[in-house]
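Written below as structure tokens is the structure these notes are about.
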Amino acid sequence: MDITIIHGQAHKGSTYHITDMIRESISSDNTVIHEYFMIEDTPGFCVGCYKCIQSGEQYCPHADKVQEIVSSIIESQVIIIDSPTYCFEMTGQLKTLFDHYGYMWMSHRPRKEMFSKIGIAVSTAAGTGAKNVVKSIERQMFWWGIPKVYKLNFNVNAMNWDGVTEKIKTKISNRVNQISEDIKNNINNVKPNIKTKFLFNLMRKMHTGNDWNMTDRNYWDNNKWLGSERPWNLYNRL
Ligand SMILES: Cc1cc2nc3c(=O)[nH]c(=O)nc-3n(C[C@H](O)[C@H](O)[C@H](O)COP(=O)(O)O)c2cc1C
């Protein structure tokens, strides 16, 4: 199994440690980890050139960094994305990465491999706001087509991991252990729910009459999604 981990921060604080606990409890001996840290792996800011959406993702001025992470995501069964809560939101550097993935939202050119993956969104806050952050991360992964996203948000009442009390660490550890069992049972076993299927079909209708973006339209056509093929059926045939 492969796991891609995208840290919305460079430092190893509470958020990193919780993600690491999850990694450890869902990994086995042959698990391959692809790990990225924002800022080091953050592409430059999106400049709004629309090249990814209109011409192809390879034409993004930041394609090198952006596509390296996409390749890891495609190879992985589980994608973990974390961020500390900054002013009720994810970090700016993580949002910068997400902006580059607009082209692979269901409304444009989602990757068929996404429709069988598990996502995990992690955030910590000192007091409040982490719930908002995991919801935002979940929303991004949902629009990539990922059918199941687990959310782990904790108020740690601290500025860093050393400052977190043993009581809170035990609560976190119990929650991680509980959710990890569920995650392990669901690996290679998830299917899109009605919400994903509904939105995919709405996008399908939109692309059927799409004469404003032939890159998107041809993509849907080549995947036979404008006909009867669906991305989630791929894995039923294997
Ligand atoms: C710039 C900045 C903004 C923050 N905003 C919030 C916030 O909106 N709500 C909150 O409860 N804590 C906030 N915090 C505290 C952190 O979210 C909290 O300490 C978190 O656990 C840090 O995670 P880390 O140890 O992984 O860096 C903020 C911290 C910083 C540095």
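All residue numbers in this chain count up from 1 along the given sequence. Counting starts at 1 for both ligands and their atoms, in listed order.
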Between Ala126, Gly8, Gly13, which one has a non-hydrogen atom sitting closest to atom 12 (N) of ligand 1?
Ala126

Tell me which one of Asn160, Thr128, Asn157, Val156 gets a heavy atom nearest to atom 10 (C) of ligand 1.
Thr128

Is the positively charged end of Lys117 above the ring of Phe115, judged by distance under 6.0 angstrom from the centroid and angle within 45° of the axis?
no

Does Gly129 reach ligand 1, in the sense of a heavy atom lying below 4.0 Å from it?
no

Decide whether the shortest distance between a heavy atom of His17 and an atom of ligand 1 is less than 4.0 Å.
no

Is it true that a side-chain atom of Asn155 and a backbone atom of Gly127 form a donor plus acceptor pair closer than 3.5 Å?
yes

Subset of ligand 1 atoms that lie under 4.0 Å from at least one heavy atom of His11
24 (P), 26 (O), 27 (O)

Consider only side-chain N and O atoms of Thr42 and Thr96, and report whether a donor and an acceptor are under 3.5 Å apart.
no

Establish, from distance only, whether the side-chain atoms of Thr4 and Ser72 form a donor-acceptor pair under 3.5 Å.
no

Looking just at side-chain N and O atoms, do Ser14 and Thr124 make a donor-acceptor pair shorter than 3.5 Å?
no

Check if Trp161 has a non-hydrogen atom at a distance under 4.0 Å from any atom of ligand 1.
no

Does Met159 have a non-hydrogen atom less than 4.0 Å from ligand 1?
yes

Cut-off 3.5 Å, side chains only: do Asp82 and Thr15 have a donor facing an acceptor?
no

